[in-house]
Asks: 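The structure under discussion is supplied below as structure tokens; questions concerning it will follow.
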Amino acid sequence: MASILTNRPELKKVLDSAAEVAGYLWQKGWAERNGGNLTLNITEYVDDEMRAMPAICEPKAIGVTLPYLKGCYFYCKGTGKRMRDLARDPMCGGSIVRILDDCATYEIIADEPIVPTSEISSHLALQNYMLESGANYKATLHTHPIELVAMSHNNEFLDSEHLTQVLWSMIPETLAFAPLGIGVVPYAMPSSTELVEPTLEKIKRYDVVLWEKHGVIAVGPDVMEAFDQIDVLNKAANIYMTAKNFGFTPDGMTPEAVQTIRTVFNLPDHR
Ligand code: 2HA
Ligand code: ZN
């Protein structure tokens with residue numbers, strides 16, 4: 001069957017990078033079964049032919065109204081689809097959607113009527129925020145990184161500032177590449193619109209948002225950078241866990257050493 005990607009090399013390149021990240025998520029053990037989802041704003045690649053494509057499903061409600069998304073197009077991983085299948089072929093694991101003029105509904109235009117991710121309201125609310133804030137960010141990525149989720153089972157680490165400081169102090173690169181740290185959102189039912197507002201509040205201040213006892217969601221200029229942010233923070237969590245497994249609580253870098261990284265890398269002060 002012809003795919004929307006046929007003869008659209010730039011769009012294909014972007015979706016190939018989503019497939020590459022999907023493969024990494026599976027290899028890392030962060031994407032069991034249908035776990036995780038991703039959304040890419042692909043509006044810049046949309047041509048007249050795509051704009052004229054008819055819907056292949058009934059309009060569906062987003063669950064929130066998102067004014068900046070009017071007329072935008074997104075690639076969304078499909079609900080129930082596996083990252084490891086998406087890694088082989090992004091159009092088998094997801095679909096292209098168009099946001100309708102009411103900014104509260106969308107329709108699928110290609111390739112198959114694969115219903116987008118159950119977390120679509122959080123993903124699209126973040127996409128709306130990225131457009132509103134003028135950030136040239138196109139990707140949102142949700143996954144289940146093992147060590148970060150494990151840390152969210154301890155009350156001590158539900159404090160965003162404390163968790164951020166602990167992770168920064170595990171390995172110097174964490175601060176360099178996640179200078180805003182990680183914000184924690186208290187547990188809410190996966191896929192519920194209850195997650196939307198607290199997630200938006202946290203992404204304004206932090207690089208990555210941790211959904212208590214569930215997973216993380218990150219944003220980035222592209223899907224690879226969103227992945228990198230999660231990977232860097234989870235590496236720090238893994239070092240914390242490894243030290244604990246050796247039988248000791250890691251000392252962590254001193255606050256002075258952390259501050260020196262901030263100065264040398266010319267990072268803004270943390271709030
Ligand atoms: O896509 O991870 O949070 C499945 C999920 C929902
Ligand atoms: Zn999830």
Side-chain angles (χ1 to χ4, degrees), residues 15 18-41 57 60-64 66 74-97 106 108 112-129 139-153 157-158 163 182-203 206-220 223 226-227 229-231 233-234 237:
L15 296 203
E20 186 179 342
V21 165
Y24 298 156
L25 299 176
W26 165 250
Q27 285 159 15
K28 283 183 159 290
W30 298 356
E32 71 292 343
R33 199 173 183 276
N34 63 320
N37 27 68
L38 61 93
T39 302
L40 306 177
N41 185 339
C57 72
K60 295 180 193 303
I62 300 169
V64 278
L66 303 166
F74 293 92
Y75 167 80
C76 299
K77 173 184 173 277
T79 186
K81 297 293 179 186
R82 296 180 177 87
M83 285 290 182
R84 63 180 192 261
D85 292 337
L86 200 157
R88 286 197 310 275
D89 179 356
M91 293 314 294
C92 279
S95 54
I96 307 284
V97 308
Y106 66 87
I108 305 170
E112 301 279 331
I114 294 174
V115 176
T117 160
S118 57
E119 304 285 6
I120 192 162
S121 46
S122 287
H123 282 266
L124 292 184
L126 288 171
Q127 294 279 1
N128 185 70
Y129 168 67
T140 56
L141 175 64
H142 163 61
T143 188
H144 301 161
I146 300 164
E147 291 83 356
L148 284 173
V149 175
M151 286 182 91
S152 79
H153 283 262
F157 298 125
L158 298 183
L163 177 60
I182 189 163
V184 187
V185 164
Y187 182 81
M189 181 67 191
S191 313
S192 68
T193 48
E194 266 173 76
L195 280 169
V196 174
E197 275 310 315
T199 301
L200 275 174
E201 279 317 301
K202 288 289 191 272
I203 210 70
Y206 297 95
D207 291 310
V208 170
V209 174
L210 175 59
W211 288 339
E212 180 186 343
K213 303 185 182 86
H214 175 182
V216 299
I217 190 159
V219 299
V223 67
F227 168 77
Q229 297 246 284
I230 302 169
D231 195 27
L233 286 158
N234 196 69

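In listed order, ligands and their atoms are each counted from 1.
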Asks: Under 2.8 Å from the Zn ion (ligand 2), which protein N, O or S atoms are there? Could you list them by chain and number?
Replies: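 Metal shell, protein only: His142 NE2, His144 NE2, His214 NE2.
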Asks: Got a sec, which residues hit ring pair (Phe, Tyr, Trp, His ring centres under 6.0 Å) with Tyr187, two or more places apart in sequence or on another chain?
Replies: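 For Tyr187 there are no ring pair (Phe, Tyr, Trp, His ring centres under 6.0 Å) partners, ignoring immediate neighbours.
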Asks: Using the side chain to side chain contact (heavy atoms under 4.5 Å, CB included) rule, pick out the option among Val208, Val184, Ile182 that qualifies with Leu148.
Replies: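 Of all the options given, the one that passes is Ile182.
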Asks: Not counting sequence neighbours, which residues clear ring pair (Phe, Tyr, Trp, His ring centres under 6.0 Å) with His142? List them please.
Replies: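 With neighbours one apart ignored, the set is His144, Trp211, His214.
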Asks: Restricting to non-hydrogen atoms, name the atom on Ser121 and the atom on Ile62 that form the minimum distance, rounded to 0.1 Å.
Replies: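 Heavy atoms only, the tightest pair is CB-O, 3.4 Å.
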Asks: How would you list, by chain and number, the residues with a heavy atom under 4.0 angstrom from ligand 1?
Replies: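 Residue list for ligand 1: Asn34, Gly35, Gly36, Asn37, Ser118, Glu119, His142, His144, His214.
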Asks: If only atom types and distance count, is the side chain of Tyr75 paired as donor or acceptor with the main-chain N or O of Pro90 below 3.5 Å?
Replies: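 At least one qualifying donor-acceptor pair exists.
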Asks: Checking side-chain contact (heavy atoms from CB on, under 4.5 Å) for the pair Ile120/Phe74: CA distance, chi angles, key distance, verdict?
Replies: CA-CA 11 Å; Ile120 192 162; Phe74 293 92; over 6 Å; no
Asks: Between Ser152 (side chain) and Lys213 (backbone), is there a donor-acceptor pair under 3.5 Å?
Replies: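 Pair found, side chain donor or acceptor close to backbone of Lys213.
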Asks: When Val219 is tested against each of Asp207, Leu141, Thr140 for side chain to side chain contact (heavy atoms under 4.5 Å, CB included), which residue passes?
Replies: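 Result: among Asp207, Leu141, Thr140, Thr140 is the only option passing the side chain to side chain contact (heavy atoms under 4.5 Å, CB included) with Val219.
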Asks: Considering all heavy atoms of both residues, which atom of Val21 and which atom of Phe227 are nearest to each other, and what is their separation?
Replies: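 Heavy atoms of Val21 and Phe227 come nearest at CG1-CB, 4.0 Å.
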